[in-house]
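Heads up: numbering here begins at 1 and tracks the sequence.
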Amino acid sequence: MVEPAPDVLVPLGPRRGRYKIFLGMAAGVGKTFRMLQEAQAEAEAGRDVVIGYLEPHGRAETLAQAEGLETVPRRRVAYRNADLEEMDLPAVLRRAPELCLIDELAHTNAPGVEHAKRYEDIEDVLAAGIDVFSTVNVQHLESLNDQVCELTGIRVRETVPDSVLGIADDVVLIDITPDSLIERLLAGKVYPDERVQTALQNFFKLENLSALREVALRQVAEEVEAKRIPADSAGRPGDERLIDTAAPQAIGERLLALITPKPTSQRVVRRAWRSAQRLGAELDLLWVTDHEPDDQEQEQIAALRQLASVLGAHLLIEHGDDIALVTQRVAKERGTTYVLMGTPKPRNALRRLTSPALPFRLLALLPGIDLRIVADRTQRASRDEIPEEP
């Protein structure tokens with residue numbers, strides 16, 4: 001009699017760590033303070049907690065909250081005749097705590113380390129089965145870059161993909177009123193005294209903070225809504241869950257944004273991506289060209305391709321001398337339900353009389369497809385998001 005082979009146990013890899021992000025409208029609202037408070041509670045409950053990277057900005061209250069928590073020493077990186085301090089990712093992975101605190105996830109690392117951005121370091125830590133607490137301000141989200149610039153007059157250079165919030169298991173909004181934040185600023189709890197007046201005259205204007213607070217509240221509401229349906233349907237009967245999963249496929253939206261290789265098209269891309277997120281839709285970007293791109297256009301296309309990669313959009317380049325007809329073909333092939341385009345260039349009287357404008361041609365060629373023109377809120381003289389027809 002042949003004995004049955006014993007069961008073979010296949011070792012499983014580490015579970016993915018849980019990810020909690022503390023989100024704020026601006027520096028000084030208390031994101032790092034709250035992160036440390038929760039970490040201390042986790043440590044008191046017996047969990048192995050370490051600080052992978054902490055940026056207290058010299059704030060005594062924040063430093064006090066970190067007391068008693070183990071810190072992984074930073075590593076020094078030589079760059080342009082300076083020694084920079086970065087999180088030591090290999091050391092964090094070797095230490096392998098249960099929970100790691102990694103502050104300021106939008107930070108750009110010095111060249112020469114494992115990843116260009118800290119949020120990429122965090123992905124490695126999560127993949128190793130380590131839980132992570134981290135912090136970020138709403139103005140660092142890539143799709144909000146133009147909106148924040150419009151609201152505050154300041155262009156944020158360090159951005160992260162919005163998907164970073166999407167993969168988090170928990171997003172905690174650290175919310176205080178603009179008046180309270182200004183009081184903290186005046187009390188020296190945000191910046192050193194010599195920086196306070198400059199901050200009040202720029203980013204920390206009351207109207208800026210009010211607008212950023214609204215943006216932060218809306219962002220968290222959208223994140224909650226995006227995750228609500230899967231959570232709510234978990235306990236439903238099978239037929240009801242089937243309806244939940246089938247419905248988005250049956251009535252799914254797909255957006256197509258018309259772009260050109262110019263910096264102003266990045267505004268169209270970000271606005272289109274925000275619309276796609278609200279609709280739960282895929283986003284395609286289309287440049288219709290009748291020539292081979294020159295060096296300057298190649299540079300802009302590279303920037304748009306990078307932005308598309310960060311946001312998760314699909315960049316399409318099609319050759320043709322009739323933008324409307326090419327758009328019609330691509331929309332049919334891609335199953336487009338919604339087209340976005342930038343503000344058209346002004347047309348002279350003769351052209352208005354002799355040929356329909358591009359938006360009207362698109363409406364005629366794309367029956368049943370919504371068309372939206374993205375307004376140029378900067379009110380700049382240049383309106384070149386999308387060219388007029390040749």
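Remark: the backbone N or O of Y338 is not paired with any side-chain donor or acceptor of D370 at under 3.5 angstrom. Although no hydrogens or angles enter the test, the distance criterion places a donor-acceptor pair under 3.5 Å between the side chain of N109 and the main chain of H115. Remark: side-chain polar atoms of T71 are not paired, donor with acceptor, to backbone N or O of G52 under 3.5 angstrom. At distances below 3.5 Å, at least one donor-acceptor pair connects side-chain atoms of W273 with backbone N or O atoms of L311. Without hydrogens or angle criteria, D103 side chain to E55 main chain gives a donor-acceptor distance under 3.5 Å. Judged by distance alone, the side chain of R47 and the main-chain N or O of L99 form no donor-acceptor pair under 3.5 Å. A donor-acceptor pair is defined here as one N or O able to donate and one able to accept, closer than 3.5 Å; such a pair exists between the side chain of R270 and the backbone of E142. T336 contributes no side-chain N or O that, together with a main-chain N or O of R254, makes up a donor-acceptor pair within less than 3.5 Å. In terms of modelled atom types and a separation under 3.5 Å, the side chain of S265 and the main chain of T260 share a donor-acceptor contact. A side-chain donor-acceptor contact under 3.5 Å links E98 to the backbone of D48.
No chain of hydrophobic side-chain contacts below 4.5 Å, direct or via other Ile, Leu, Val, Met, Phe, Trp or Tyr residues, connects W287 to V310. Linking ILVMFWY residues whenever their side-chain heavy atoms come closer than 4.5 Å, directly or via other members, places L371 and V288 in the same cluster. Put simply, V196 and I154 are part of the same group of oily side chains (I, L, V, M, F, W, Y) that touch within less than 4.5 Å, one to the next.
For the pair K117/T108, a side-chain contact is recorded, criterion being any heavy-atom separation below 4.5 Å from C-beta on. Side-chain contact between L54 and L36: present, with at least one pair of heavy atoms (C-beta onward) separated by less than 4.5 Å. Looking at R155 and N145, their side chains come closer than 4.5 Å, going by heavy atoms from C-beta outward. Residues L258 and T327 form a side-chain contact, since some pair of their non-hydrogen atoms from C-beta on lies under 4.5 Å apart. Using a 4.5 Å heavy-atom cutoff, the side chains of V136 and L141 are not in contact.
Atoms CG and CG, from L105 and L165 in turn, are 8.0 Å apart once rounded to the nearest 0.5 Å. Within the model, atoms NZ of K262 and CD of E297 stand 8.0 Å from one another, a figure rounded to the nearest 0.5 Å. In this structure, CG in L186 is found 5.5 Å from CG in L200, a value given to the nearest 0.5 Å. Between the CD atom of Q139 and the CD atom of E158 there is a distance of 11.0 Å, given to the nearest 0.5 Å. One distance of note links CE of M341 with CG of L286; it measures 12.0 Å at 0.5 Å rounding.
Taking the six-membered ring where tryptophan is involved, the planes of Y53 and H107 are essentially parallel, since the angle between them stays under 30° and well short of 60°.
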Could you walk me through whether R361 and I323 satisfy the side chain to side chain contact (heavy atoms under 4.5 Å, CB included) test, starting with their C-alpha distance in whole Å, then the side-chain angles of each, then the deciding distance to 0.1 Å, before giving a yes or no?
CA-CA 10 Å; R361 291 199 65 207; I323 296 172; over 6 Å; no

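With F33 as the aromatic partner, R59 does not meet the cation-pi criteria of under 6.0 angstrom to the ring centre and within 45 degrees of the ring axis.
A salt bridge does not link R16 to D169: none of the charged nitrogens lies less than 4.0 Å from a carboxylate oxygen. The pair D146-R271 does not meet the salt-bridge criterion, since no charged nitrogen lies less than 4.0 angstrom from a carboxylate oxygen.
By the side chain to side chain donor-acceptor pair (under 3.5 Å) test, R218 is found to be paired with E214, residues two or more places apart in sequence or in another chain being considered. With sequence neighbours left out, T289 forms a side chain to side chain donor-acceptor pair (under 3.5 Å) with H291.
Partner of E86 under the salt bridge (Lys or Arg N to Asp or Glu O under 4.0 Å) criterion, chosen from R76, R75, R118: R118.
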